[in-house]
J.: 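Sending over a structure as structure tokens; questions will come in a sec.
Predicted, not measured: the structure shown is a model, and the values here were computed from it. All values below come from the heavy atoms of this structure, side chains included, with hydrogens, waters and symmetry mates left out.
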Protein chains: 2
Amino acid sequence: MRIGELSTKTGVSVRALRYYEEQGLLAAERSESGQRHYGDKAVDRVRLIQQLYAAGISSASILEMLPCVTTGVASPQVLAKLRGHRSSVVKQIEDLQDTLRQLDSVLAGAVKSHESGVPCPPA
Amino acid sequence: MRIGELSTKTGVSVRALRYYEEQGLLAAERSESGQRHYGDKAVDRVRLIQQLYAAGISSASILEMLPCVTTGVASPQVLAKLRGHRSSVVKQIEDLQDTLRQLDSVLAGAVKSHESGVPCPPA
DNA sequence: TAGGAACCTGACGTTGACGTCAGAGGTAGC
DNA sequence: GCTACCTCTGACGTCAACGTCAGGTTCCTA
């Protein structure tokens, strides 16, 4: 498929896909005229990339770990990095759960006082 | 306390604290000479701000919700925003848990193949 | 074969949360 | 009062992950 189709299938913009290629994260065959062509696997790869980005992992780190992710093979160094990222993801989750508790306590109090008719001071 | 002490107590840079003030998130008394002075509550407030930032909430949104967070009082509009942020935080947590599963499966495979002596292809 | 949609390569713009530097003034211990 | 650090304002720099625009080429359908 061409880049537009990959874009609609993944929900990732064409510009972003070209950016992934720039960063070495996503390879593409080229037609004679230079247009990019992708296989079906590209869809999963793009989703994986997005997932890693969402975990706050930089493109440089993703670049390091991607071959290992796809081949299932990793050097001790990469293994250590993966473990480091794992624990950072765990910490992110814990922090967010903390934030959730904060938001919930705020919401509980706010709903109560709103029911009692007290308005919010303007920002 | 002065800004340096607040910085070391919270682990947030002096520059960031001044930035919070610029954004209206953190107020400070001023001495005759213009130096900032903070009360003890500032430590908690800074931590709260950091927590909200970590949840991907922008300074503009934090600015809107902070008075309500501190007073426990919110207008219906702010309430709706808070609920919106809450569900976005929930989604972030779910996504991260997904990522965690991915990383774990990668790690499981990688450890196995590393034990079997297969090296990682160089990045 | 025409023409509009999709694609190409640069290259500059954007956004948020700060980093960093300069030059000047404030503070505190000895 | 000296000195070493702390703080001030103002302003430009940074970084990542794209957005956007320009000017040109390619593809596909009628």
J.: What pairs with Arg101(B) under salt bridge (charged side-chain N to carboxylate O under 4.0 Å, His left out), at least two apart in sequence or on another chain?
T.: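 Once residues adjacent in sequence are excluded, the partners of Arg101(B) under the salt bridge (charged side-chain N to carboxylate O under 4.0 Å, His left out) criterion are Asp98(B).
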J.: Scan residues 21-41 of chain A against DNA chain D and write down, sorted by residue number, each residue with any heavy atom closer than 4.0 Å; if none is found, say none.
T.: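 Under 4.0 Å from DNA chain D: Ser33(A), Gln35(A).
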J.: Does anything in residues 12-20 of chain A come within less than 4.0 Å of DNA chain D? Heavy atoms only, and list the residues if so.
T.: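 Per residue number, the list reads Ser13(A), Arg15(A), Ala16(A), Tyr19(A), Tyr20(A).
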J.: Provide the full list of salt bridge (charged side-chain N to carboxylate O under 4.0 Å, His left out) pairs with a residue in residues 24-34 of chain A, sequence neighbours left out, each pair given once.
T.: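 Applying salt bridge (charged side-chain N to carboxylate O under 4.0 Å, His left out) to every pair that reaches into residues 24-34 of chain A, excluding sequence neighbours, yields Glu21(A)-Arg30(A).
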J.: Going 5' to 3' along DNA chain C, between which two nucleotides do contacts with chain B fall, using a heavy-atom cut-off of 4.0 Å?
T.: dA17(C) to dT27(C)
J.: After noting the C-alpha distance and the side-chain angles of Val14(A) and Leu6(A), does the key distance pass the side chain to side chain contact (heavy atoms under 4.5 Å, CB included) rule?
T.: CA-CA 8 Å; Val14(A) 168; Leu6(A) 183 58; over 6 Å; no
J.: 5'-most contact on DNA chain C: Ile57(B) or Arg2(B), nearest heavy atom basis?
T.: Ile57(B)
J.: At how many degrees, to 10°, do the end axes of the helix from dT1(C)-dA30(D) to dC30(C)-dG1(D) meet when each uses five pairs?
T.: 20°
J.: Taking ring-ring contact (aromatic ring centres under 6.0 Å, His included) as the test, write out the residues that go with Tyr38(A), two or more places apart.
T.: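 Residues passing ring-ring contact (aromatic ring centres under 6.0 Å, His included) with Tyr38(A): none at all.
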J.: Taking only residues two or more places apart in sequence, or in another chain, which ones meet Glu22(B) in a salt bridge (charged side-chain N to carboxylate O under 4.0 Å, His left out)?
T.: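 Glu22(B) satisfies salt bridge (charged side-chain N to carboxylate O under 4.0 Å, His left out) with Arg15(B) only.
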J.: Who passes salt bridge (charged side-chain N to carboxylate O under 4.0 Å, His left out) against Glu94(A), sequence neighbours left out?
T.: none
J.: Please identify each residue that fulfils side-chain hydrogen bond (donor to acceptor under 3.5 Å, both in side chains) with Asp44(A), with sequence neighbours left out.
T.: none
J.: Mind jotting down which residue pairs meet the salt bridge (charged side-chain N to carboxylate O under 4.0 Å, His left out) criterion with at least one end in residues 68-82 of chain A? Sequence neighbours excluded, please.
T.: Glu64(A)-Lys81(A)
J.: Rounded to the nearest 0.5 Å, what separates atom CG in Leu26(B) from atom OH in Tyr19(B)?
T.: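 So the CG of Leu26(B) and the OH of Tyr19(B) are separated by 13.0 Å.
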J.: Indicate the atoms forming the closest heavy-atom contact of Met1(A) with Gly39(A), along with that distance.
T.: CE-O, 3.5 Å
J.: Got a second to check how far Ile62(B)'s CD1 is from Leu25(B)'s CG, nearest 0.5 Å?
T.: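 If we round to the nearest 0.5 Å, Ile62(B):CD1 and Leu25(B):CG are 6.0 Å apart.
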J.: Under the salt bridge (charged side-chain N to carboxylate O under 4.0 Å, His left out) rule, collect the residues that match up with Arg86(A), sequence neighbours excluded.
T.: Asp104(B)
